[in-house]
Each structure stands twice: as structure tokens, then as C-alpha cells.
Amino acid sequence: MNCPECDASLNIPDDASVGEIISCPDCGADFEISKKEGSNVELKQAETVGEDWGE
Amino acid sequence: MSKICIVFDRLRSEEKLLRKEAEDLGHETSVLDAKITQINTDSKKSDFDFGDVVLERCISYFRGLHFTACLEFLDVPVINEFDVANNCGNKLFMSLLLKKNNIPTPKTYFSFSKDGATENVDKVGFPLVIKPVIGSWGRGVMQIKDKDTLDAVIEIRELTDGHYDRIYYLQELINRPPRDIRVISVGGRAIAAMYRKSDGGFKTNIALGAEPELCEITSEIEDLVAKASKAMGGGILGVDLMEDEKRGLLVHEVNNTVEFKGLVKVAKKNIPKEMIEFTVNSIRK
């Protein structure tokens, strides 16, 4: 699968789950796995860090 | 066996560890993304698959808090409860509860306008530490050493004018070693602790690069953590302690939705297992 931002190749581990974040090694953009059925993976833009994020 | 639902908005290693531990213990486990879940005033518990109990693990404090309110509306048991999340999520509420329950905590000054803050500091003097009442990972926590710094902070707050910028939370600067202690509390029991050492600055947040080191849980720590947990309403918490040179241990923060990916590697106890067992046992009471 390629990065929707820069088209670099993305490495998505087999055990990755929906909701996990994948970072592009080339452009650094973050994507969230929104759907995963076998090798069929869909990504969406990950949320940026919010002021209320944390513990 | 029970059915546990882990509510998340970003699946971190902590949520994966919790899910694995729950499955290893034989519980049916599901994960639910709060971002894509819709609830309304006519919703019923049976409209969803929340299982027997929800473990709320959102990284966004407000998302988790409001989602928890909806869960409690639906009569779904949730860890942590709304009141606990609310108490811990706001540093002012938390400090008041600590003091009210006679738990040693740094002296903290509250004011509700820039003029009030200036007047407060004029009376107390420097240095002080200013913290946003809502916030984490040490963001917005600053040492106020002089009037110029105070004026700069106030001016920035006036410009940004966020809801909480009018609430000034100023705390005495504690004389202590360059570290603090993070204790994970599960149902009031201190199950793991670490020192968080700063890299030269006064902040000791792991998120800012502080070095974790295992800390022995003394009876004093156990006692303080139990009291702090009770003051907040129980649940799964991260209790932060500072070693004041004169007064000894002070509780300066209690955290909801505690992070533990660093501590889990060195802790003697199985942190996610303790959390899952507590969550399951909470519905058996």
C-alpha cells in the first residue's frame, strides 16, 4: 500500500489493528487504519495531537 | 467469564496489552472506537455491544469524559467512572479534593482573572509554577521566576483566550531531587512505581523524555496512594508524588486513563492483568 500523501511504500504489519497509527517513513504523515479485512486495508488521516490529549 | 469492551480513540500499545491480557484471562473482549460511535437520548444499552463492563481508554480527555457520561446514562458500568475522570482531569478540582482529604499536596493558588493572578503573585512572591487546569504531558507547565515571565504568560493567555485561560492555577515550586514518582494505582492498591528523572529541566514527564527507573513501593507510598485514590473516587489511576526536602512525600497529581507502556517493561507485577482483573471484579461487587 502506498502513502496517500507522497506515494511512498507503507509497511503495514500483519498484526496491525483498526485504530492503530501508521507513519509514512518518507513524508512523516500519520494515518489511522480505519478498516482491515485480510490484506485489504483502508487508511484515513490521523487526528493531530489535541490540547486535551494525555493522561 | 466476562465480556469487556475497551473504548479507545487511538489504539496504543497500552490498549493492545489490555486486550491481550483480557483474552489470555479468558474474557470475551472487544474494542470500540469512540470517534465513530453515535449515541442519542433515546439510545438503549441493548443498541450497543458494550459487554458487561467498559474500560474507557481514550487519549482525548474530553472525548473520554463525555463518552463516559453517555455510558453511565445507558447504565453501562465503566472504569473509570465519570466523577473520577472529572476529578482527575481538572487540576483545580483534583488539588481541592487532595487538600480536603488531608493528603499532603503542594500549596496551590487559584485566581480567576489576570488581575486576580497578578494580585495573588504580588502577595506570594516568586518562584511559582503555573499549570493549565486541563492538560497533560507537562504542556503549558512553566516556572514563573519573575514578573516579566508572569506578564508574558498572562499576555499569551489573554491573546489565546481559551475557556480555561481565565483560570490561573499557580503552585509553589517544591525543593526536591530532580525526579518525581509515578505510581499506578488499581482500586487504591499501588501495584507499580517508577522514578521519573528529568534531563536537567524541572519537568519530569516521560512524554518529555524523563528517564524511568523502578521505585520500591514503601508503606508510606501505599498509604498515600490509597488515600489519593479514595479522594478521587477510586478506579485505575496514575498517582504522582514529589519528594519535598522538608515535608517528605507530596501528592501533586492524580491521572485518569494512565499510560504504562514504559513501566510495564520493568514492573514486578503484570500491570494490564491487574487492571483487567480489577475491571472485571468491579461488576461483581
Side-chain angles (χ1 to χ4, degrees), chain A, chain B residues 6-16 19-20 30-36 57-66 80 85 88-90 132-141 160 162-165 182 184 205-208 236-240 253-261:
Chain A
M1 175 158 210
N2 291 352
C3 172
E5 197 72 42
C6 74
D7 210 32
S9 179
L10 291 178
N11 177 28
I12 300 173
D14 290 342
D15 63 349
S17 309
V18 170
E20 269 190 66
I21 302 299
I22 300 292
S23 295
C24 173
D26 279 18
C27 71
D30 288 336
F31 301 97
E32 180 181 332
I33 299 175
S34 57
K35 200 173 173 185
K36 190 166 183 279
E37 288 168 357
S39 59
N40 183 24
V41 177
E42 286 181 21
L43 301 176
K44 65 180 180 185
Q45 201 82 38
E47 284 189 326
T48 52
V49 175
E51 273 186 42
D52 70 332
W53 278 27
E55 301 177 283
Chain B
I6 299 168
V7 169
F8 73 97
D9 55 1
R10 176 172 279 218
L11 202 69
R12 299 166 288 178
S13 59
E14 280 96 341
E15 286 71 47
K16 292 171 80 174
R19 179 174 61 185
K20 183 181 179 305
S30 63
V31 289
L32 184 95
D33 187 347
K35 302 195 298 300
I36 54 169
R57 291 285 314 172
C58 288
I59 196 169
S60 158
Y61 163 65
F62 282 114
R63 183 178 284 136
L65 182 73
H66 289 80
N80 287 333
C88 296
N90 184 307
V133 287
I134 308 275
S136 195
W137 300 336
R139 287 169 304 185
V141 176
T160 52
H163 296 91
Y164 292 100
D165 285 342
R182 156 60 60 91
I184 293 185
N205 302 78
I206 291 289
L208 298 174
I236 297 172
L237 303 166
V239 181
D240 295 342
E253 209 160 293
V254 186
N255 299 275
N256 188 49
T257 326
V258 62
E259 293 165 352
F260 55 85
K261 70 177 170 194

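Only this structure's heavy atoms are used, side chains among them; waters, hydrogens and symmetry mates stay out. Proteins come first, then strands; the chains are lettered A, B, ... in the order of their sequence lines, and each starts at number 1.
Of the possible donor and acceptor atoms, none in the side chain of B:D240 sits under 3.5 Å from a partner among the backbone N and O of B:E253. Side-chain N or O atoms of B:N90 include none that pairs as donor or acceptor with a backbone N or O of B:I134 at under 3.5 Å. Put simply, the side chain of A:D52 gets close to the backbone of B:Y61: a donor and an acceptor are under 3.5 Å apart.
Counting heavy-atom pairs closer than 4.5 Å to chain A, the top-ranked of the candidates B:R12, B:R182, B:E15 is B:R182. The most heavy-atom pairs under 4.5 Å with chain A, out of B:G162, B:P132, B:S136, come from B:S136.
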Hey, can you pull the donor-acceptor pairs under 3.5 Å for the side chains in residues 7-17 of chain A, sequence neighbours left out?
unit_1 : atom_1 : unit_2 : atom_2 : d
A:D7   : OD1    : A:N2   : ND2    : 3.4
A:S17  : OG     : B:R19  : NH2    : 2.9

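In this structure, chain B has a heavy atom under 4.5 Å from the backbone of A:V18, while its side chain stays farther away. Residue contact with chain A, scored on non-hydrogen atoms closer than 4.5 Å, involves the side chain of B:F8 exclusively. Looking at A:E32, only its side chain comes within 4.5 Å of chain B, counting heavy atoms on both sides. Contact of B:I36 with chain A is made through the side chain alone, with heavy-atom distances under 4.5 Å.
Taking the salt bridge (charged side-chain N to carboxylate O under 4.0 Å, His left out) definition, one finds that B:K261 meets it with nothing, sequence neighbours left out.
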